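Step one of this worksheet: look at the structure below.
Below, chain A is the first sequence line, B the second, and so on; all start at residue 1. Everything numeric here is computed off the predicted structure, so don't read it as measured data.
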Number of protein chains: 2
Amino acid sequence: MNISETARITGLPAKTIRYYEEIELVRPDRQDNGYRDFNDTHIHQLRFLARARALGFGIDDCRSLLALWDDRDRASADVRHIAQTHLKDIERKIADLSAMRATLSHLVDTCAGNDRPDCPILNSLADT
Amino acid sequence: MNISETARITGLPAKTIRYYEEIELVRPDRQDNGYRDFNDTHIHQLRFLARARALGFGIDDCRSLLALWDDRDRASADVRHIAQTHLKDIERKIADLSAMRATLSHLVDTCAGNDRPDCPILNSLADT
DNA sequence: CTTGACCTTCCAGTGACAGGAACCCTTATC
DNA sequence: GATAAGGGTTCCTGTCACTGGAAGGTCAAG
């Protein structure tokens, strides 16, 4: 299967699929003319990757998860550990962003947003 | 004032301050020996930048905010617009991350995390 | 035979720095 | 006067996960 059809099926851009081959997340065959050739296994791997990336897993985690998926003797604890570490990371980011939101929304609310120059947002950034 | 003292006062790494000069966010003088020389204005600008970055503003926004700060004839509406756009951006990120967290925490909760290979996390990523 | 839609590789850019090499300046000490 | 420590400087590379684009090969249709 050609790359554009593969892209259509997996929902991944062709560029991304080529990149995944370059970093050896997926290893498509080659047709006689040099075109990449994806089979069902590759499609499944790419769909797996698309879902893992959509959950925010980094490429290294994706590589580990793919390997665990492929390993019939895996321990679910290994999978869970990766997911939980990532979950903590996400929660930290949410906390950071929430703090920013709190400060910013307060500032935006108190700024008149008119033609005058006085602005609590700039005052807060300048402080003293 | 030398860069290391400036770094200490502003809380920014010296590397970051050099980078800000490179992209012309700040324009320190030079001493006779070629060392950068920061005065009070530069310090204020750097502290301003540190606060704006801590609120998640991108470099381009920081540049605009610095210019508005410097402009006595600014309209607070311009400042507010930048802040509100950024706030929306943050809220979108929080929403995205929250969705990931919901899915992930559910999966982590339902995964036994033991020596056995069966794992709802992988099942979910593989789907069909 | 040409057109257009594919495909290929390779190179550069993104954002906001961080790490490190190679080298200069200043001050103190031996 | 030599040297060592602790500043400073520039320049290059790497980060992360792609994205855009150029130059050129391949294929099916009209």
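The nearest whole Å value for the distance from the CD atom in A:Glu22 to the P atom in C:dC10 is 9 Å. Rounded to whole angstrom, the span from the CG atom of A:Asp32 across to the P atom of C:dT8 amounts to 14 Å. As a whole-Å value, the separation of A:Met1 CE from C:dC7 P is 12 Å. The nearest whole Å value for the distance from the CG atom in B:Asp37 to the C1' atom in C:dT26 is 16 Å. Taking atom CD1 on B:Ile23 and atom C1' on C:dG15, their separation rounds to 10 Å, with Å as the unit. Going from atom CG of B:Leu12 over to atom P of C:dA16 covers 14 Å, rounded to whole Å.
Side-chain contact check for B:Arg51 versus A:Ser124: every heavy-atom pair is 4.5 Å or farther apart. By the 4.5 Å heavy-atom criterion applied to side chains, B:Leu68 and B:Ile82 are counted as neighbours.
Distance alone, capped at 3.5 Å, is enough to place a donor-acceptor pair between the A:His86 side chain and the A:Gly56 backbone. Here the side chain of B:Asn33 pairs a donor or acceptor atom with the backbone of B:Tyr35 at under 3.5 angstrom. Checked by atom type and distance alone, the side chain of B:Arg63 pairs as donor or acceptor with a backbone atom of B:Ile23 at under 3.5 Å. With hydrogens and angles disregarded, no donor-acceptor distance shorter than 3.5 Å links the side chain of A:His44 to the backbone of A:Thr41.
Applying the 4.0 Å criterion to OP1 and OP2 of C:dT9, one finds that A:Arg30 has a side-chain N or O inside that range. Phosphate contact (OP1/OP2 of C:dC24, side-chain N/O of B:Asn33, threshold under 4.0 Å): absent.
Enclosure of atom CG in A:Asp29 by more than 12 non-hydrogen atoms of other residues, nucleotides or ligands within 6.0 angstrom is indicated.
Using modelled atom types, one finds a donor on one side chain and an acceptor on the other under 3.5 Å when comparing B:Gln31 with B:Asn2. A side-chain donor from one of B:Asn39 and B:His42 sits under 3.5 Å from a side-chain acceptor of the other.
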Please write out the pairs of protein N or O atoms and N or O atoms of nucleotides 4-8 of chain D separated by less than 3.5 Å, giving the distance to one decimal.
residue, atom, partner, partner atom, Å
D:dG7, N2, B:Tyr35, OH, 3.0
D:dG8, OP1, B:Ser4, N, 2.6
D:dG8, OP1, B:Ser4, OG, 2.7

Going 5' to 3' through nucleotides 11-23 of chain D, assign each nucleotide B (protein heavy atom under 4.0 Å from a base atom), S (under 4.0 Å only from sugar-phosphate atoms) or - (no protein heavy atom that close).
------BBSBB--
